[in-house]
Student: 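Just dropping this structure here.
For the numbers below, each heavy atom of this structure counts, side chains included, while hydrogens, waters and symmetry mates do not.
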4 protein chains.
Amino acid sequence: MKPTVYLVLFFFVQAVLGNNTCLADGDDDKMKLRDLWATGSKETISFLGGIYEHSEWVAETLVKQQSGDADEITTVSGLAAAMKAIVDNATEKQKLDLLKAHPDLAQKVEKLSELTADSQEEQSKAGLQSMTAEELAKFTELNTQYKKKFQIPFILAVRHSTKFTVLSALEGRLSNPKEAEIVTALQQVHKIAWMRILAKLESDEPSGFLTCHVLDTANGCPAAKMRISLTRLSPPETAGLVANFMTNDDGRLEGGPALKGSNFTVGTYEWVFYTGDYFASKGTQVAGTPFLDEVPLRFGIDNPDDHYHVPLLVSPWSYSTYRGS
Amino acid sequence: MKPTVYLVLFFFVQAVLGNNTCLADGDDDKMKLRDLWATGSKETISFLGGIYEHSEWVAETLVKQQSGDADEITTVSGLAAAMKAIVDNATEKQKLDLLKAHPDLAQKVEKLSELTADSQEEQSKAGLQSMTAEELAKFTELNTQYKKKFQIPFILAVRHSTKFTVLSALEGRLSNPKEAEIVTALQQVHKIAWMRILAKLESDEPSGFLTCHVLDTANGCPAAKMRISLTRLSPPETAGLVANFMTNDDGRLEGGPALKGSNFTVGTYEWVFYTGDYFASKGTQVAGTPFLDEVPLRFGIDNPDDHYHVPLLVSPWSYSTYRGS
Amino acid sequence: MKPTVYLVLFFFVQAVLGNNTCLADGDDDKMKLRDLWATGSKETISFLGGIYEHSEWVAETLVKQQSGDADEITTVSGLAAAMKAIVDNATEKQKLDLLKAHPDLAQKVEKLSELTADSQEEQSKAGLQSMTAEELAKFTELNTQYKKKFQIPFILAVRHSTKFTVLSALEGRLSNPKEAEIVTALQQVHKIAWMRILAKLESDEPSGFLTCHVLDTANGCPAAKMRISLTRLSPPETAGLVANFMTNDDGRLEGGPALKGSNFTVGTYEWVFYTGDYFASKGTQVAGTPFLDEVPLRFGIDNPDDHYHVPLLVSPWSYSTYRGS
Amino acid sequence: MKPTVYLVLFFFVQAVLGNNTCLADGDDDKMKLRDLWATGSKETISFLGGIYEHSEWVAETLVKQQSGDADEITTVSGLAAAMKAIVDNATEKQKLDLLKAHPDLAQKVEKLSELTADSQEEQSKAGLQSMTAEELAKFTELNTQYKKKFQIPFILAVRHSTKFTVLSALEGRLSNPKEAEIVTALQQVHKIAWMRILAKLESDEPSGFLTCHVLDTANGCPAAKMRISLTRLSPPETAGLVANFMTNDDGRLEGGPALKGSNFTVGTYEWVFYTGDYFASKGTQVAGTPFLDEVPLRFGIDNPDDHYHVPLLVSPWSYSTYRGS
């Protein structure tokens, strides 16, 4: 849990997102897509113009498509896919220009040093401004090499990033061949676009939901009557226990999805599975201090339109999980 | 993390362990086995006499074996195995008597209600005394059924137990055939013996250690340069960050075991793997809010003589772990 | 695939099953449970009398229960559970007598040496009669120790057993404490009963079916358009390709269960997943000779009333499977 | 096992590899790297000139590097990495020319139809020439679209490919954005280069080896005394049983690596783990027809210089494997 580092790249991301953008996932003022389409073409283009950095042509092409035969887009993931497809089909030059339109991370880092002491303390854990002199020197050196090798600014779209993420990503991606790094950078641009869409818009009928399933791989059966808790770790304003659950005879949650509708929000979550109690009921509790007891499983939800199935396969000595469907 | 419920079954376990027993794992006053053997036979029997509840004959048989040809036992796990073997080879009647020598959990629960308000508050989270009237009625009913069906007291040897553990174990084990429950109850007795041994003795040369390994299953290679932290969650008196690590090119910890020697103590631990940073360096970070970012992995160390290998196999969308060797 | 060793323990199992019992899983002459109940009590007891070795009292008790208030049993798994419960609730002496009523494996081994040369050749791969002199001596020694320690004959209920299984099981179980081995031996007796039930009876409306699901853990999505084949490996008389499948967009089989109704028969099966082709379509095929290409997954179906969900979680570098539900 | 389809793409691959190239992995006539360097620069360039299709400049650059300060390359993986780095650092135009220098798969398919009946029969299982009229029409259509969209020939470097692989890869990659497909196509080119290197050269001191480890995740311990067999499935000329093994107390193979030195050859292999026998020895064999009995695990070895660790984590109801190190 890192509530204190949640805002780490806030200044960078805010700069990238644009000043008129609110980041809060829980924002109740997001516009429905049908309401967006109901505004005029000009207004729509203006509203979506900043999704891709300084590249209003993406929004313009989209509006042209929408005013044609295309079915009206009703979900944020549908909107993101449509705008991504426009970029994917653009010319090589247009894509390079899009990449080059992004601000240089180095300038943000400089600005961070001008923050008030209070702000600095507030986000002092692992943010860019907490870089030691040595780390800053390394960052500057890597960033310079990056721009020289690839001729584009370094783009990283992870909101919860720390200085470790930035340094790790910079160093790792520096070894890419140029054509591979262009692909990676464009993926980052699409992620920034996705975050900007999520910050401003919501699906007409959000359909995402979260389910769980627990299988006992030692006994080859669903894990019945296992207690599970679900906690929202971020965003901070809605953090806290979501609910406690008990699995049914099929190892699933009684009463359907753990999250759906307006509760199914983008953010970071944690299941805790009380596997020690469960295996004690099987008589297979295996030690005074069991190898596995409370099993935490921390995961992110990034798409409000998707089904997230996050199961646990567990024996007293092993477990695994995966993004299911 | 449940520091507040750590003492939950303390009163029960203390009653079971005996009054002259100190539970603290970090206790520096534990006796070395060679020092135990150096005391006389009478003293040794007296020292070990309470390991198996009211069954000094186990210690007596052990001392007789030790004074014969047998190699001197030098490890706590060796001692536990030798005493367990004596019980395993005892007569059916001796084993039943051993089971029946254990106190009835119901009496402990009654005593808990007489605790001072302060003590009750201190451990109010999920302990037996926090049972609601409904839970207490269920407990009493199940415990009565248990004694009637199996003719032995209900024995549960998990130190960190909560009321949920107790109720879950009681209900689950009640459906066992009698001969299977006898086996389960004896396993619990051996675990209590093990906890008592750990509370009083230590190996001459503790040899246990903890290692880690991280494999990137998306790319089929060791996960190099991944940050990992290790925190001790319990016992509370030594809880806290143990160290931060960085994996080497083979995905292992630089500098050898994460814990060894006097740092390798029985208790609950948690790795946190910074997989988000790692995959960002690969350019495969897959979302604004990644599905996996910080991966916590909570596990117990129960045997100070063992090698615990606790690895992580991870892709951006799945992970698994297991007790390795 | 071991078609040739399929009959390995036939003589032993046949002796244990009784001479009037047909082993073939595909036998069309099995009786429906409703037809069994329609016969008189005497006939039912006679029919079920040999399910538990020389212990007609189990069948008698069952018939008494069935003629009372109990709902009529309609499935073979329901019948097995009811008969098992009768044994579970029997006295200690009845259970020991049941165990002792089983033939000694050693006598079977002797008889095997008297087989005609033809028969011996037929099952010469790894059967008991193929034991070398050294293996036979070891077997005899272990079997003698077993009977001396536990006072019951060694019982093993695995139909496809080889001499390796028998030697491995004998040696492993010899180290059990007596009360634990009694539990294990009773479990084997229940399995023999289960095999005998399956050989003679079938559920009124068999409801079992087989499903599959393939998840791509490298990309965090269902593996769409993956080819899969399903082959029945045993029993030999119905062995052969069952069907070829292609996963749909959710990574599941088009057209529902791979097996259901009369096709869902007890036996050994093998999925082959063409993961190499699938990952080639993702552009993530990772080598001239890929680490994973055709992934075989061999599993047994033992309960004609159950849902078997046998999925694959796969990246180009790892996979896992489990008995799901 | 698909020995009959082993040569499926032979004609395509041979065309790509060049006529003077022998594909057999077991070829004893491969040149050591030190012997290559001992020939003159001209000879070396001539020898390596065809590794990258019609792009002798890669070999020329390499020879120039080698005659400078660079340490002499002693392994085939070192040679492949050095040549790949040269391509990675080449200009965008050089890379595109390299891609365009590859033959069009469609021409190969045409030629296949002119093969003699004998040859066609020999490789009739799933080869390109076995395409139905419908499949051929689909292939032609997709291939035409591919060339139109990406302006390069479709390149696929999988030796064991079937028509399914080709159609699957063509269709999947067609949906890539252009810059992503260029990256994928270059990866295929590097794989072809790797196969060509393997066909002509060998490391001075091949250092690869194969190890195994079996962990019992139901009991949390190494799986001791489990039988394992290893079979080489391809190349066909050296196919057959490699050896039978028995795990030691740590769950590893007695006597070290399963393959090393001249036995560690590129190809397809299969472990079979006799997990049924193992769990029978634990008394946890769970059914007449166990869910898991003989567990086959099929994998490819592609790099003669690498350590392949291919373990099994297994309970009676689940298993997993991965490429370890």
Student: Answer yes or no: does atom CD of C/Glu92 have more than 12 heavy-atom neighbours from other residues, nucleotides or ligands under 6.0 Å?
Tutor: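 No.
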Student: Measure up the A/Phe291 and A/Trp317 rings against each other and bin them: parallel (under 30°), tilted (30 to 60°), perpendicular (over 60°).
Tutor: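 A/Phe291 vs A/Trp317 ring planes: parallel.
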Student: My understanding is that only residues two or more places apart in sequence, or in another chain, count here; which of them pass side-chain hydrogen bond (donor to acceptor under 3.5 Å, both in side chains) with C/Asn219?
Tutor: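 With neighbours one apart ignored, the set is C/Asp216.
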Student: Mind checking the OG1-NE2 spacing from A/Thr211 to A/His307? Nearest 0.5 Å is all I need.
Tutor: 2.5 Å
Student: Determine which pairs satisfy salt bridge (charged side-chain N to carboxylate O under 4.0 Å, His left out) with at least one residue from residues 220-229 of chain C, sequence neighbours left out, and list them in order.
Tutor: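 Qualifying pairs: C/Lys225-D/Glu171, C/Arg227-C/Asp277.
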Student: Of all the residues in residues 318-325 of chain C, which have a heavy atom that comes within less than 4.5 Å of a heavy atom in chain A?
Tutor: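 Result: C/Tyr322, C/Arg323, C/Gly324, C/Ser325.
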Student: Among all residues two or more places apart in sequence or in another chain, which pass the side-chain hydrogen bond (donor to acceptor under 3.5 Å, both in side chains) test with C/Glu181?
Tutor: C/Tyr146, C/Arg173, C/Asn176
